[in-house]
Asks: 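Pasting a structure below so you can have a look.
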Amino acid sequence: MSDTVAAGDEVILDAPNFIRVYKSRRVERFLRVDFAAPGTDAATGVSSKEVTILPETGLSARIYLPPAPAGGQQGKVPVLVFFHGGGFCLGSAFDAAVHGHANQLAARGRAMVVSVEYRLAPEHPVPALYGDAWVALQWVAAHAAGQGPEPWLTAHADFGRVHVGGESAGANIAHHAAMRAGAEELGHGVKVSALVLIHPYFLGGDSSESDEMGMAVHRELVRLWPVVCPGTSGCDDPWINPMAEGAPSLAGLGCGRALVCVGGKDPMRGRGRLYVEKLMASGWQGEVGVWEADEQGHGFHLIQPTCLEAEAQVRVVAEFLSRP
């Protein structure tokens, strides 16, 4: 093997059982996506289908429509534009666990869920996925005048209640989408009403944070970040730490309500709590709440979707979404 090939195949990140990235930018993913087909969910009656948002980049989504009330017709329902987790480099909106969670949110919250299949790093380095998130939000907003390519949105979406949310890295993406909505117009008179962050993935350079997170976990996340975001300034880069000194003020968050869900045993629980504290102290004029699942870890609702805490978390998010 030549020196060039050997150098090109040098491993720059090896997270066992998750992902391996080579200097040549070749990527091996070991966390398998368990694809779930769209359709009508037997347990909830929620219907789902896949849509293309931007053919040029392959940006797509899966849309979920709750069933009409018993004996009634389907009226206008709130919309949740949602982003899956996976450290910016893993996962899919079409994974069975993510699909099941979206069905639950749609059913319990009586909401239309637009679960976005954004482009993954490192093939598409951060901040590409933040751009995808904004394009997805604009695509939803473009249906507000009663026109647009997706009939479910034109017929059933309440554009006065367009929410954005996500889990883990998807919560990070949702935060930045809401910040951009505070600085730019989505168009068609649509505003982001509320933000839902489930087990948000934020880092920070503070050693006390790494102590609480656990040094081993913190070390791996610190190693991953520059691989998915080449040229980053580090763990106080505002993309990964919106609470950092010099980051855009959280007072600019472009919504009126926010909900942050954390797990009592989530290594990143401190970051979620700090986000709430910083948001409250920023001068933001909205309403923020935090909900904690005692004794539960990061993303537990995807691993044990029928446990009591997972059902409680879905219920809390659903109630939040259904508020006027």
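In this chain, residues are counted from 1 in sequence order.
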Asks: What's the shortest heavy-atom distance between R110 and P66, and which atoms?
Replies: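 Result for this residue pair: NH1-CB, 3.5 Å.
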Asks: Could you tell me if the side chain of L195 sits less than 4.5 Å from the side chain of L197, heavy atoms only?
Replies: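 The answer is yes, as the side chains (C-beta and beyond) meet within the 4.5 Å cut-off.
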Asks: Report yes or no: does R269 contribute a side-chain atom to a donor-acceptor pair with the main-chain N or O of D266 at less than 3.5 Å?
Replies: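 Between the backbone of D266 and the side chain of R269 there is a qualifying donor-acceptor contact (under 3.5 Å).
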Asks: Between F300 and H199, does the ring centroid distance fall short of 6.0 Å?
Replies: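 For F300 and H199, the ring centres are under 6.0 Å apart.
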Asks: Do the ring centers of F82 and H163 come within less than 6.0 Å of each other?
Replies: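 No, ring centres 6.0 Å or more apart.
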Asks: Inspect the contact between E123 and R29 and indicate whether a charged nitrogen and a carboxylate oxygen are less than 4.0 angstrom apart.
Replies: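 Salt bridge between R29 and E123, a charged N being under 4.0 Å from a carboxylate O: yes.
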Asks: For Q313 and C261, which heavy atoms make the closest approach, and how far apart are they?
Replies: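 Heavy atoms only, the tightest pair is OE1-CB, 3.8 Å.
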Asks: Using atom types as modelled and distance alone, determine if a side-chain donor or acceptor of T44 lies under 3.5 Å from a backbone N or O of A107.
Replies: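 Answer holds: no.
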Asks: Cation-pi check for Y201 against R271: NZ or CZ below 6.0 Å from the six-membered ring centre and within 45 degrees of the axis, yes or no?
Replies: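 Verdict for Y201: no cation-pi partner in R271.
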Asks: Is the closest side-chain heavy-atom distance between L129 and H124 below 4.5 Å?
Replies: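 Side chain of L129 against side chain of H124, heavy atoms only: no contact under 4.5 Å found.
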Asks: Between R62 and E50 (side chain of the first, backbone of the second, donor and acceptor by atom type, cut-off under 3.5 Å), is there such a pair?
Replies: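 No: the side chain of R62 does not pair with the backbone of E50.
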Asks: Taking the side chain as every heavy atom from C-beta outward, state whether S92 and V33 have any pair of such atoms under 4.5 Å apart.
Replies: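 In contact.
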Asks: Please check if atom NZ in K265 has more than 12 non-hydrogen atoms from other residues, nucleotides or ligands closer than 6.0 Å.
Replies: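 Result for NZ/K265: open.
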Asks: Between W225 and F88, is the gap from one ring center to the other below 6.0 Å?
Replies: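 Judged by ring-centre distance (under 6.0 Å), W225 and F88 do meet the cut-off.
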Asks: For H143 and F159, I'd like to know if the aromatic rings sit close, meaning centre-to-centre distance below 6.0 Å.
Replies: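 Not under 6.0 Å, so no.
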Asks: So which atom in S115 and which in A93 form the shortest heavy-atom distance, rounded to 0.1 Å?
Replies: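 That closest heavy-atom pairing would be OG-CB, 3.4 Å.
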Asks: Shortest non-hydrogen contact from L80 to V164?
Replies: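 Taking every non-hydrogen atom into account, CD1-C, 3.9 Å.
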